[in-house]
S.K.: 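Structure provided below as structure tokens; questions to follow.
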Amino acid sequence: MKLIVLNLPRSLSEADMANLFKTFGEITAFNLVMDDETGSSKGFGFVEMKNGEEAEKAIEDLHGKKIEGRRIRVKTAH
DNA sequence: GTTGAGCGTT
């Protein structure tokens, strides 16, 4: 199950993003998209969960969650 | 050194 997480604070690191999801199950892949202009993140990334049900739970639990004072968005990716 | 909906860079 591939997930996309939007509206992340640009200050958030790749490791921080992984920590949000790994509590729900095993992550097989993840990456935070970086911006060439600023060198910081573009504010969104992808997460690949091994178990689909755990991925769905991660979505329901993390979507709208406040991270660094900001509400994030989590959906299934293409 | 900023930005704020979205489906990808080292």
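Since this is a predicted model, take the numbers as computed values, not measurements. Chain identifiers are assigned alphabetically (A, B, ...) following the order of the sequence lines, protein sequences preceding nucleic acid strands; residue numbering begins at 1 within each chain.
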S.K.: Residues from residues 44-71 of chain A sitting under 4.0 Å of DNA chain B, heavy atoms only?
M.R.: A:F44, A:F46, A:R70
S.K.: If each of A:N7 and A:E14 is mapped to the nucleotide of DNA chain B with the nearest heavy atom, which maps nearer the 5' terminus, i.e. the 5' end?
M.R.: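 Its nearest nucleotide lies further toward 5', so the answer is A:N7.
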S.K.: With sequence neighbours excluded, tell me which residues meet side chain to side chain contact (heavy atoms under 4.5 Å, CB included) with A:E26.
M.R.: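 For A:E26 the side chain to side chain contact (heavy atoms under 4.5 Å, CB included) partners, ignoring immediate neighbours, are A:K50.
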S.K.: Toward the 5' end of DNA chain B, which comes first, A:L32 or A:L6, by nearest nucleotide?
M.R.: A:L6
S.K.: Any chance CD of A:E53 has more than 12 other-residue heavy atoms, nucleotides or ligands included, within less than 6.0 Å?
M.R.: no
S.K.: Could you list where the contact with chain A starts and ends along DNA chain B, reading 5' to 3', using a 4.0 Å heavy-atom cut-off?
M.R.: B:dT2 to B:dT10
S.K.: According to the side chain to side chain donor-acceptor pair (under 3.5 Å) rule, which pairs have a member within residues 57-71 of chain A, sequence neighbours left out?
M.R.: none
S.K.: Which heavy atom in A:P9 sits nearest to a heavy atom in A:I67, and how many Å separate them?
M.R.: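 Where A:P9 meets A:I67 most closely, the heavy atoms are CG-O, 3.3 Å.
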S.K.: Of all the heavy-atom pairs spanning A:L62 and A:I72, show the shortest one and how long it is.
M.R.: O-CG1, 3.2 Å
S.K.: Taking side-chain hydrogen bond (donor to acceptor under 3.5 Å, both in side chains) as the test, write out the residues that go with A:D16, two or more places apart.
M.R.: A:S13
S.K.: Scan A:L8 against the nucleic acid and name what it touches under 4.0 Å (heavy atoms): base, sugar-phosphate only, or nothing.
M.R.: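 Counting heavy atoms under 4.0 Å across all strands, the contact made by A:L8 includes a base.
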S.K.: Kindly say whether A:S41 contributes a backbone atom to a donor-acceptor pair with the side chain of A:R10 at under 3.5 angstrom?
M.R.: yes
S.K.: Classify the nucleic acid contact of A:S11 as base, sugar-phosphate or nothing, counting any heavy atom under 4.0 Å across all strands shown.
M.R.: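 Answer is nothing: A:S11 stays at 4.0 Å or more from every strand.
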S.K.: Applying side chain to side chain contact (heavy atoms under 4.5 Å, CB included), can you list everything that pairs with A:E56, at least two apart in sequence or on another chain?
M.R.: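 In terms of side chain to side chain contact (heavy atoms under 4.5 Å, CB included), with neighbours along the sequence ignored, A:E56 is linked to A:M1, A:I59, A:T76.
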